[in-house]
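These notes are about the structure you will find just below.
In what follows, chains are A, B, ... by sequence order, proteins preceding strands, each numbered from 1.
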Protein chains: 2
Amino acid sequence: MPDPEETFLAEYDPAAFPPVAVTVDVVALTMREGVPVALLIRRGVPPFQGAWALPGGFVHADEDLATAALRELGEETRLPSDVHIEQLGGYGSPTRDPRMRVVSIAYLLLAADLPDPRPGTDAAEAAWVPLRELGFGTGGPTPRPLAFDHAAILADGVERARSKLEYTALATAFLPAEFTMAGLREVYEALWNVPLHAANFHRKVLSVPGFVVDTGRLTAQGGGRGGRRARLYRAGDATSLHPALLRPAGEES
Amino acid sequence: MPDPEETFLAEYDPAAFPPVAVTVDVVALTMREGVPVALLIRRGVPPFQGAWALPGGFVHADEDLATAALRELGEETRLPSDVHIEQLGGYGSPTRDPRMRVVSIAYLLLAADLPDPRPGTDAAEAAWVPLRELGFGTGGPTPRPLAFDHAAILADGVERARSKLEYTALATAFLPAEFTMAGLREVYEALWNVPLHAANFHRKVLSVPGFVVDTGRLTAQGGGRGGRRARLYRAGDATSLHPALLRPAGEES
DNA sequence: TGAATAGTGTCTTTCAGACATTATCTC
DNA sequence: GAGATAATGTCTGAAAGACACTATTCA
């Protein structure tokens, strides 16, 4: 139970408390060549110099948290106009940053066709890294350690995305404006790391009102090794899926 | 694109950025007399003096965020040992606090049988307020305005609880260690604000492995107006429900 | 033509919702 | 015994998973 006077002062003089910094970190995911990848930067400055980390940085004055997340990511790669962004949560362990008390608000960002990153101001390097190489998915090399608590944040972001595929239309955020049923299925299969039954997936997606809309057009070419031309769909109005597309029970990485 | 030197300094001298305060706010929910209620305090100091608000306060040095949330709530009411607490997210609009930049990490806390609150150090009053009086559920009076952005935080907390009833065993967090099937159903009905079919609910709950465990004992007395004695259950090992208990489509408040 | 891909039809099992029935208990 | 509550059984329709089959297209 704090002293009442201390609490009173705290309300009016927050400088009486130890300084706290607020940052944003971004878990940015996209699909590249059918593989889910996350954007990582290699730190050019201490602490954790040389280690891989999530893009992020300090929140500016009078800047909204989500705006800060978009700004920080925009410094690493060119963002298209239609990205999906949502908050993952706050990370504030007293020991997560060796310099001082830093509370970070993490964001999950999904988009299609993000270009190769450009190293930011304080990043030695920036790259899209397949999730498989980060310990998600089956097999893959031993995941590289990440700076700060970014491994936990990344894991939370991936799990959020995997989970929201089930009951929201989030998968379309990974795809361009027009996509095929096979492309949509690849998103689910790559993120969930399970093979899905193509025929049942097709029927199920079409049975959810507002999930996808048939454009009436077809792909210009059939599959690379032969095959019928696929119908093109675009995202529908629905944000939540009824009924949901549940992950096969018991599986996953 | 910020000046590289500025960014460099920012990494080492966060005091160069405007001061930011970090607080926690708690959406505490429990059932009292079959009615879902939230804990609110009436502010004794400006800003928003006299307005109702969520319990919360500044995070102390070297204190974990969740620990701060439990400490702040413990100043208002006596907490039992087995509470459920989870993070709702960060709220950091630049204008949410008129005094200065304040980023708040909100927590959702659920427990059974929380006692009457005691006013905290800077609270003029503290009370359990039925959700119906706060704009959740059907009818009810016009909800009282809350301080800061606490109305939005409360709404997020209630929606989180409602949503997690579907696919997790969260409902048992509202109940004492041993409970009846009717008690469990009341939690769902009260939070979702829909009547549920008692017979189907009964069968469905028992069909979910690990949701509830039969103690083999019965209530001491039958229902107040007659009726068979009910079997007593306790929470099982399961945290997620397979299959899920979905909300009736289209309904809710 | 053959292999590969896209899409449709059908059957079985599981589960949710509606309703009927049985088992107790209080008054 | 009457009414109320708890628990179980049965039927129907929706949806998931498995599988067979048709429709195209490329090499």
Side-chain angles (χ1 to χ4, degrees), chain A residues 34 165-167 175 178-189 192 194-233 238 240-251, chain B residues 34 165-167 178-189 192 194-209 211-233 240-252:
Chain A
L165 289 188
E166 293 191 319
Y167 54 94
L175 296 168
E178 300 197 339
F179 51 86
T180 65
M181 196 59 80
L184 185 63
R185 180 165 45 83
E186 270 172 18
V187 172
Y188 278 90
E189 290 181 327
W192 285 351
V194 291
L196 296 177
H197 192 113
N200 289 339
F201 181 86
H202 189 108
R203 175 171 40 77
K204 209 149 125 183
V205 167
L206 292 182
S207 79
V208 178
F211 190 4
V212 299
V213 177
D214 191 340
T215 66
R217 291 179 300 104
L218 304 176
T219 51
Q221 298 287 320
R225 291 177 311 226
R228 188 170 170 174
R229 290 193 294 162
R231 206 175 285 265
L232 284 169
Y233 298 90
S240 63
L241 305 183
H242 294 290
L245 268 147
L246 298 179
R247 267 180 278 197
E251 316 301 327
Chain B
L165 288 188
E166 292 191 318
Y167 55 94
E178 299 197 340
F179 51 86
T180 64
M181 196 59 79
L184 185 63
R185 179 166 45 82
E186 271 172 17
V187 171
Y188 278 90
E189 291 181 328
W192 284 351
V194 292
L196 295 178
H197 192 113
N200 290 339
F201 181 85
H202 189 107
R203 175 172 41 78
K204 210 149 125 182
V205 168
L206 292 183
S207 79
V208 179
F211 189 3
V212 299
V213 177
D214 191 341
T215 65
R217 292 179 299 104
L218 304 177
T219 51
Q221 299 286 322
R225 292 177 310 229
R228 189 172 171 175
R229 289 193 294 162
R231 205 175 286 265
L232 284 170
Y233 298 90
S240 62
L241 305 184
H242 295 290
L245 270 147
L246 298 178
R247 266 180 278 197
E251 316 300 327
E252 119 197 32

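Taking atom CG of residue D214(A) and atom C1' of nucleotide dA6(C), one finds them 13 Å apart after rounding to whole Å. To the nearest angstrom, P of dT5(C) lies 17 Å from CG of L218(A). Note: CZ (F201(B)) to P (dC15(C)) measures 17 Å, nearest angstrom. In this structure, R185(A) places its CZ atom 10 Å from P of dT5(C), rounding to the nearest Å. At whole-Å resolution of the value, CE in M181(A) and P in dT5(C) are 17 Å apart. dA6(C) atom C1' lies 16 Å from atom CZ of F179(A), rounded to whole Å. Rounded to a whole Å, the OH atom of Y188(B) is 12 Å from the P atom of dA16(C). Residue L206(B) contributes atom CG, which lies 12 Å from atom C1' of dA6(D) at whole-angstrom precision.
Applying the side-chain hydrogen bond (donor to acceptor under 3.5 Å, both in side chains) test to residues at least two apart or on different chains, the pairs with a partner in residues 210-220 of chain A are E178(A)-R217(A), D214(A)-R231(A). Sorted by first and then second residue, the side-chain hydrogen bond (donor to acceptor under 3.5 Å, both in side chains) pairs with a member in residues 199-211 of chain A read N200(A)-R203(A); sequence neighbours excluded.
For E186(A), there are no salt bridge (Lys or Arg N to Asp or Glu O under 4.0 Å) partners two or more places apart in sequence or in a different chain. Not counting sequence neighbours, the partners of Y167(A) by the side-chain contact (heavy atoms from CB on, under 4.5 Å) test are S163(A), K164(A), A244(A). Applying the side-chain contact (heavy atoms from CB on, under 4.5 Å) criterion to V208(A), with sequence neighbours excluded, gives F211(A), L241(A), P243(A). Scored by the side-chain contact (heavy atoms from CB on, under 4.5 Å) test, S240(A) finds H242(A) as partners (sequence neighbours excluded).
At least one side-chain heavy atom of M181(B) sits less than 4.5 Å from a side-chain heavy atom of L206(B). A 4.5 Å side-chain heavy-atom check between L175(A) and Y233(A) finds every atom pair outside the cut-off. Under the 4.5 Å side-chain criterion, counting only non-hydrogen atoms from C-beta, L232(A) is in contact with T180(A).
Both A182(A) and A220(B) lie close to DNA chain C; mapped to their nearest nucleotides by heavy-atom distance, the more 5′-ward contact belongs to A182(A).
For the OP1/OP2 pair of dC26(D) and a distance below 4.0 Å, the side-chain nitrogens and oxygens of Q221(A) include at least one atom meeting the criterion.
Axis orientation changes by 0° from one end of the helix from dT1(C)-dA27(D) to dC27(C)-dG1(D) to the other, with each end axis drawn from 5 pairs and the value rounded to 10°.
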- Message: Please encode protein proximity along nucleotides 14-24 of chain D as a string of B, S and -, counting only heavy-atom distances under 4.0 Å.
- Response: --SBBB---BB
